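First comes the structure, then the notes that go with it.
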Amino acid sequence: DAGITQSPRYKITETGRQVTLMCHQTWSHSYMFWYRQDLGHGLRLIYYSAAADITDKGEVPDGYVVSRSKTENFPLTLESATRSQTSVYFCASRDPQSLHFGNGTRLTVT
Amino acid sequence: ILNVEQSPQSLHVQEGDSTNFTCSFPSSNFYALHWYRWETAKSPEALFVMTLNGDEKKKGRISATLNTKEGYSYLYIKGSQPEDSATYLCAFINTDKLIFGTGTRLQVFP
């Protein structure tokens, strides 16, 4: 099916572990984004990508790494997870009109 | 740092009431302003994309206006219904980045 999918939907990991959240879109949109949702902060931009092999920092990039080797995939990696990274993570891609969001990944760092 | 502010933070209204929210954004380097509707446990969905000063958009009972010179947009809901209960997000776009406000949480009571 066409669309944007995130995996996993839920993830529990321990402090210090590396974890990767996956994002895949089938539209070939150039722009893709990662946001985290936290109470009182709404959606905050972590990283974004304008095209394959082009990525840039958003508002809260520390502790995260992204890559974009292919247009359709935009994985987000927490290199050494911390409790403050417990959140719901949303991936999105952008067409000329608006953003299309994935269903989110709920990450808990214990 | 791009500052996108929304007010009020939350709103409780009775069914049938009309309501409006405000989104304030930087007036420089404006590219577009988006409005999204975000229901609990779902992903945000696009309502409006506004690009021109003076733009007015309407979708059913919901409408929005845009003033890029002074940096604000209003979202209006006429005759609120319980199914309008959601968080309404605005997002400011300047070239690449799409930065969200913290949202207005609307609850409509029957």
Side-chain angles (χ1 to χ4, degrees), chain A residues 1 3-7 9-10 21 23-25 27 29-62 66 68 74 87-106, chain B residues 1-11 21-26 29 31-52 55 57-59 62 64 66 73 75 86-106:
Chain A
D1 287 348
I4 183 163
T5 53
Q6 291 183 235
S7 61
R9 286 298 308 274
Y10 304 93
L21 310 185
C23 180
H24 175 79
Q25 54 115 347
W27 292 299
H29 292 160
S30 293
Y31 279 91
M32 295 187 75
F33 303 82
W34 273 106
Y35 292 91
R36 56 178 290 173
Q37 175 200 0
D38 300 299
L39 199 62
H41 293 282
L43 288 170
R44 290 187 291 175
L45 181 64
I46 304 170
Y47 268 95
Y48 67 101
S49 168
D53 297 321
I54 300 175
T55 62
D56 210 343
K57 295 178 181 179
E59 302 168 272
V60 288
D62 293 343
V66 293
R68 188 106 181 264
F74 190 36
S87 186
V88 181
Y89 291 85
F90 285 95
C91 175
S93 69
R94 179 179 152 195
D95 68 21
Q97 289 302 309
S98 64
L99 284 186
H100 300 271
F101 285 86
N103 287 328
T105 294
R106 183 176 291 275
Chain B
I1 297 176
L2 297 173
N3 206 22
V4 182
E5 296 183 349
Q6 290 188 246
S7 63
Q9 266 193 324
S10 65
L11 202 51
F21 328 128
T22 305
C23 173
S24 302
F25 52 86
N29 297 320
Y31 184 75
L33 192 285
H34 292 187
W35 280 100
Y36 290 82
R37 182 171 180 275
W38 193 6
E39 289 182 74
T40 303
K42 294 187 178 179
S43 305
E45 291 183 344
L47 281 174
F48 302 116
V49 174
M50 311 182 82
T51 56
L52 298 175
D55 254 358
K57 302 251 176 165
K58 188 174 180 182
K59 187 184 286 188
I62 305 177
L66 179 67
S73 175
L75 186 80
T87 296
Y88 291 83
L89 295 167
C90 69
F92 169 77
I93 300 99
N94 72 339
T95 59
D96 291 353
K97 291 184 183 178
L98 209 151
I99 303 295
F100 282 90
T102 53
T104 293
R105 185 178 173 84
L106 173 68

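Keep in mind the model is a prediction, meaning the values are calculated, not measured. Sequence lines set the chain letters: A, B, ... in the order given, protein chains first and strands last, and positions in each chain run from 1.
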Mutual orientation of the aromatic rings belonging to A:Phe33 and A:Tyr35 [parallel < 30°, tilted 30-60°, perpendicular > 60°]: parallel
Chain A contact via B:Leu89 - side chain, backbone, both or neither, heavy atoms under 4.5 Å: side chain
Residue B:Tyr36 versus chain A: region with a heavy atom under 4.5 Å: side chain
Portion of A:Leu99 that has a non-hydrogen atom of chain B nearer than 4.5 angstrom: both
Contacting moiety of A:Arg44, where chain B heavy atoms sit under 4.5 Å: neither
Side chains of B:Trp35 and B:Ser73, donor plus acceptor under 3.5 Å: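 Yes, side-chain donor-acceptor contact under 3.5 Å.
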Expected output: side-chain [X] to main-chain [Y] donor-acceptor under 3.5 Å:
X       : Y       : value
A:Glu59 : A:Leu45 : yes
B:Gln6  : B:Cys90 : yes
B:Lys59 : B:Leu47 : yes

Option in A:Gly58, A:Ala50, A:Ser98, A:Ala92 with maximal non-hydrogen atom pairs under 4.5 Å from chain B: A:Ser98
